[in-house]
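Take a look at the structure below.
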Amino acid sequence: MAVAGTAVTGPAAAAHDDDLGPAIEAIMHKPGYEHAQWGLLEVDPASGKVIHSRFANQFFIPGSTTKLVTISAAWHTLGPDHRFTTPVIATGTRDGATLNGNLDLVAQGDLTMGGRTKPDGSVDYTNIDHTEAELPGATLTPENPLAGLDQIAHQVREAGLTQVNGNVIVDPRLFDLPPLDPQPTPLIINDNLIDLLSTPTAPGQPAQLTWRPQVAPYQVTSTVRTVEAGGPTNIQVAASPDGTRITLSGTIAADAQPLLRTSAIQDPNAFGRTALIEALARAGVTVSADPTGPNPQDALPASYDDDPQVAAYVSPPYSQYAKLILKVSHNLGANLALCNMAVERGSRTCFDAFGIEHDFLADVAHVDPTQFQLADGRGGVASDRATPIGLDQLLAYWLGTPDADAFRLSLPILGVDGSNGISCVTDCPAKGKVFAKPGTILGADELNQRLEVGAQEEAGYLQTDSGCLHLFYVGVTGASSADLTSFLSIFDDVNQISALLQEQASAAEHHRPPAPPHAGPAH
């Protein structure tokens with residue numbers, strides 16, 4: 001690991017007889033970890049010293065720590081200030097305020113289309129995002145998911161158009177849809193999800209339902225009923241094959257918090273087309289075509305060389321999208337980043353991004369690409385693997401860049417925000433001093449009717465009390481859990497180890513011999 005003229009070699013970092021101290025060892029030997037393997041690596045990048053190491057040169061299932069690789073490569077390829085400009089082109093002929101032709105929205109792979117943008121231009125998020133609505137505590141940001149389309153519609157009206165004698169078409173030809181889960185699309189509105197929020201009322205009464213974004217022909221009905229305080233909260237969602245008829249059923253306890261569920265938008269292009277036609281109507285622009293129905297992609301022109309642009313939505317800078325993806329482990333955004341990179345290099349094939357990632361690791365970050373095995377952007381493919389050494393080396397690369405602080409602050413902060421904001425909240429000396437991307441892989445153990453925990457881990461930076469940064473990875477594979485709620489204790493165990501490592505590193509500073517006279521700082 002080359003940092004400040006030092007290096008950590010593979011063998012040095014691969015030892016696994018490290019004394020981690022009784023508190024960490026006690027966590028690693030709790031019930032549920034009988035068949036598990038723990039990996040750990042902590043490095044002082046200023047000196048190159050390996051402070052702790054267990055199985056650091058072995059492959060672990062990376063889960064969402066894969067996003068560290070994806071977003072690092074995308075940040076470098078696109079640039080932190082890159083903005084996506086989504087234009088609307090008028091085809092046909094114009095007669096005053098009337099367009100005799102079509103309005104084509106040319107999708108550009110914008111992750112949010114204004115649906116999370118705050119007044120200050122930053123991108124909003126909650127610690128548990130609506131894309132993780134199956135997790136307890138998932139909540140919504142307050143911004144209007146259709147904000148970008150509303151801005152476009154107002155621009156069309158400001159361009160002098162009030163009537164479109166023709167159609168509105170989403171042009172999705174930016175890239176070919178890749179076989180990824182979740183699948184990125186050139187146009188994304190509200191993460192291609194319908195949000196469904198059930199709020200309890202009085203016992204025996206129907207629960208209150210709110211849903212968004214409300215776009216035709218989507219309809220939502222609910223038979224969810226409120227039950228007594230302390231009763232069962234269990235809500236199921238079903239949808240028609242085309243996704244436009246959504247039903248909720250089940251119960252919610254009178255003392256429960258509002259419960260968020262989501263339903264997938266099956267056809268993002270048709271959804272976006274209708275949403276834009278409705279936004280145009282709100283802005284005073286009438287479209288003659290039927291607002292619902294399929295997106296007429298076959299009517300798109302071969303090019304737009306001679307056609308005027310009448311509107312455009314400009315995104316926040318990519319550094320804000322990177323922060324969103326890392327803070328909440330945004331799976332769709334991470335897979336989309338592959339397509340964004342490919343398009344930036346002139347390709348419509350999203351998997352061409354892996355060559356870009358490979359070259360970034362080898363030639364820019366100076367990390368051996370064989371420390372990783374990756375087949376998606378988010379860490380959800382069974383073949384994905386990463387070594388603790390590879391992840392720490394990638395984190396070390398960032399320390400030598402002008403964006404070192406911006407990248408570190410884009411990671412979840414222990415006890416403060418993002419995915420790790422729910423741990424180490426009170427009475428925790430490490431609160432606010434661990435910056436790390438967690439990764440989780442869960443599966444069903446049908447034999448024992450339990451959850452199998454393929455991986456729970458995190459990689460990032462420990463900030464000592466004096467402000468020095470250490471690189472670290474800690475993770476476990478092969479654990480088990482009774483259910484999703486009890487799994488959170490495994491999540492907390494990994495965060496607790498991270499917190500203990502931060503406390504150990506800070507305590508070691510207090511026992512370090514003073515530097516010789518006239519010597520430079522230790523870090």
Side-chain angles (χ1 to χ4, degrees), residues 62-64 66-67 69-71 73-74 78 84 86 105-113 115-116 129-134 145 148 169-195 213 215 218 237 239-244 246 261-275 294-295 297 315 318 321-322 324-326 328-345 347-357 374-384 439-443:
S64 285
T66 297
K67 294 181 176 73
V69 182
T70 306
I71 300 308
L78 300 172
F84 300 90
T86 303
L105 184 150
V106 187
Q108 295 296 307
D110 186 322
L111 178 57
T112 71
M113 282 297 294
R116 295 177 185 254
D129 192 61
H130 78 143
T131 57
E132 302 278 358
E134 72 279 4
I169 309 175
V170 171
D171 185 339
R173 297 176 293 184
L174 183 70
F175 56 78
D176 300 326
L177 298 183
L180 294 170
D181 181 21
Q183 184 178 67
T185 51
L187 179 68
I188 295 172
I189 305 296
N190 201 45
D191 301 313
N192 292 339
L193 296 172
I194 301 294
D195 296 318
V215 173
Y218 282 75
V237 177
S240 60
D242 66 357
T244 64
I246 303 168
R261 291 290 183 260
T262 60
S263 185
I265 294 171
Q266 300 291 346
D267 188 340
N269 297 328
F271 181 89
R273 172 186 174 273
T274 297
N295 180 56
Q297 182 175 338
S315 77
Y318 189 73
Y321 284 169
L324 168 66
I325 294 165
L326 293 170
V328 307
S329 205
H330 199 293
N331 291 328
L332 179 62
N335 280 344
L336 177 65
L338 297 176
C339 301
N340 294 148
M341 284 188 280
V343 168
E344 180 68 13
R345 296 291 175 86
S347 172
R348 297 180 70 246
T349 302
C350 297
F351 276 36
D352 284 349
F354 289 111
I356 299 170
E357 283 192 1
L374 301 178
D376 69 351
R378 63 135 172 152
V381 175
S383 59
D384 288 344
T440 304
I441 293 292
L442 295 177

task: Evaluate the criterion side-chain contact (heavy atoms from CB on, under 4.5 Å) for residue pair Asp181 and Arg378; output intermediate values, then yes/no.
output: CA-CA 9 Å; Asp181 181 21; Arg378 63 135 172 152; 4.1 Å; yes
- prompt: Rounded to the nearest 0.5 Å, how far apart are OG of Ser383 and CG of Asp376?
  reply: 8.0 Å
message: Run Gln108 and Thr86 through side-chain contact (heavy atoms from CB on, under 4.5 Å) and show every step you take.
response: CA-CA 6 Å; Gln108 295 296 307; Thr86 303; 3.8 Å; yes
message: In terms of relative ring orientation, are Tyr321 and Phe84 parallel, tilted or perpendicular, with 30° and 60° separating the classes?
response: parallel
task: Would you check, one step at a time, whether the test side-chain contact (heavy atoms from CB on, under 4.5 Å) holds for Phe351 with Leu180?
output: CA-CA 10 Å; Phe351 276 36; Leu180 294 170; 3.8 Å; yes
- request: Measure across Pro241 and Gln266 and return the closest heavy-atom pair with its distance rounded to 0.1 Å.
  value: O-CG, 3.8 Å
query: What closest approach, in Å, do Glu357 and Ala73 show between heavy atoms, and which atom pair accounts for it?
result: CG-CB, 3.7 Å
task: Could you grab the distance from atom CD1 of Ile189 to atom CG of Asn269, nearest 0.5 Å is fine?
output: 10.5 Å
Heavy-atom check, side chain of Leu326 versus side chain of Lys67, under 4.5 Å: yes
- line: One should read off an interatomic distance between Asp384 CG and Thr66 OG1, to the nearest 0.5 angstrom, of 4.5 Å
Non-hydrogen side-chain atoms of Tyr218 and Pro213 separated by less than 4.5 Å: no
message: Return the OG1 to CZ distance between Thr70 and Phe354, rounded to the nearest 0.5 Å.
response: 7.0 Å
- prompt: Are any of the side-chain heavy atoms of Thr112 and Ile188 separated by less than 4.5 Å?
  reply: no
statement: Heavy-atom nearest pair, Gly109 first then Leu336, reads O-CD2, 3.4 Å
query: Can you tell if the side chain of Cys350 reaches within under 4.5 Å of the side chain of Val343, non-hydrogen atoms only?
result: no
message: How long is the straight-line distance from CG of Leu111 back to CG of Leu332, given to the nearest 0.5 Å?
response: 6.0 Å
Minimum heavy-atom distance between Gly377 and Asn335, given as atom pair plus value: N-OD1, 3.0 Å
- prompt: Could you give the distance from OG1 (Thr349) to CG (Asp176), rounded to the nearest 0.5 Å?
  reply: 5.5 Å
field: Qualifying residue, where the test is side-chain contact (heavy atoms from CB on, under 4.5 Å) with Thr131 and the options are Thr262, Asn331, Leu193, Asn192
entry: Leu193
statement: Residues Leu187 and Thr185: closest non-hydrogen pair is O-OG1, 2.9 Å
message: Are Ile169 and Asn295 packed together at the side-chain level, in the sense that at least one heavy-atom pair is separated by less than 4.5 angstrom?
response: yes
field: Residues Ile246, Val237; criterion side-chain contact (heavy atoms from CB on, under 4.5 Å); working and verdict
entry: CA-CA 7 Å; Ile246 303 168; Val237 177; 3.9 Å; yes
task: Using salt bridge (Lys or Arg N to Asp or Glu O under 4.0 Å) as the criterion, list what pairs up with Asp191, not counting sequence neighbours.
output: Arg116
query: Glu132 versus Val328: any side-chain heavy-atom pair under 4.5 Å?
result: no
query: Under a 4.5 Å cut-off applied to non-hydrogen side-chain atoms, are Gln183 and Pro178 in contact?
result: yes
message: When you compare the side chain of Phe175 with that of Leu338, does any pair of heavy atoms fall below 4.5 Å?
response: no
message: Please find the pair of heavy atoms, one from Ala270 and one from Pro294, that lie closest to each other, and give the distance.
response: CB-CA, 4.4 Å
